[in-house]
Amino acid sequence: MRFEKSNTVSISNEVLSQEVRGETVLLDLSSEQYFGLDKVGTRIWHLLREGRSLGDALDILIAEYEVDRQQLEADLDELLSGLIDAGLVTLG
């Protein structure tokens, strides 16, 4: 995992989110761009909004989904990198 498991995520005040049919749409008010999260991305978004550490989120997701831990860590890294690059979240 590229990020520290103790990291938490802070969501920008410029981001609105809305769940639609199990998926989440994010709107960045500053850039007026939309971003979409699939069902798993939506679950991750909920865990991060709750203030969970990345390590806690990983443990919960491992228990909920049948997935290899290394694959999940890689997928989480990819999602976080995209959210950070878009300015939607910062790491704490």
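Just the heavy atoms: all of them, side chains too, but no hydrogens, waters or symmetry mates, feed the values below. This is a predicted model, so every value here is computed, not measured.
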Kindly write out the residues that satisfy side chain to side chain contact (heavy atoms under 4.5 Å, CB included) with [X], not counting sequence neighbours, or none if the list is empty.
X: Ala86; value: Phe35, Leu88
X: Asp85; value: none
X: Ile62; value: Val67, Arg69, Leu72

To the nearest 0.5 Å, what is the distance between [atom1] on [X] and [atom2] on [Y]?
X: Thr90; Y: Ile84; atom1: OG1; atom2: CD1; value: 8.0 Å
X: Leu83; Y: Glu78; atom1: CG; atom2: CD; value: 10.5 Å
X: Ile44; Y: Ile60; atom1: CD1; atom2: CD1; value: 11.5 Å
X: Leu79; Y: Trp45; atom1: CG; atom2: CH2; value: 9.0 Å
X: Leu27; Y: Gln33; atom1: CG; atom2: CD; value: 9.5 Å

Can you run down the salt bridge (Lys or Arg N to Asp or Glu O under 4.0 Å) pairs that involve residues 38-48, sequence neighbours left out, and say none if there aren't any?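 The answer is Arg43-Glu64.
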Just grab all the salt bridge (Lys or Arg N to Asp or Glu O under 4.0 Å) pairs involving residues 11-31, residues at least two apart or on different chains.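 Counting only pairs at least two positions apart or across chains, no salt bridge (Lys or Arg N to Asp or Glu O under 4.0 Å) contact touches residues 11-31.
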Is it possible for you to say whether [X] and [Y] belong to one hydrophobic cluster, with membership spreading through side-chain heavy-atom contacts below 4.5 Å?
X: Val25; Y: Leu16; answer: yes
X: Tyr34; Y: Val15; answer: no
X: Tyr65; Y: Leu76; answer: yes

Could you tell me which non-hydrogen atom of Glu4 sits nearest to which non-hydrogen atom of Leu54, and how far apart they are?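 Here Glu4 and Leu54 meet closest at O-CD1, 3.6 Å.
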Minimum heavy-atom separation for Leu47 to Ala57, with atom names?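 Answer, listing the atom of Leu47 first, then Ala57: CD1-O, 4.0 Å.
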By side chain to side chain donor-acceptor pair (under 3.5 Å) - contacts of [X] (at least two apart):
X: Thr8; value: none
X: Ser12; value: none
X: Glu50; value: Arg52
X: Asn7; value: none

With a 6.0 Å cut-off (strictly less than), is the heavy-atom count around CG of Asp68, excluding the residue itself, greater than 12?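 Above 12, so yes.
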Please assess Leu48 against Leu80 for the test side chain to side chain contact (heavy atoms under 4.5 Å, CB included), listing each intermediate value before the final yes or no. CA-CA 10 Å; Leu48 299 178; Leu80 283 176; 4.0 Å; yes
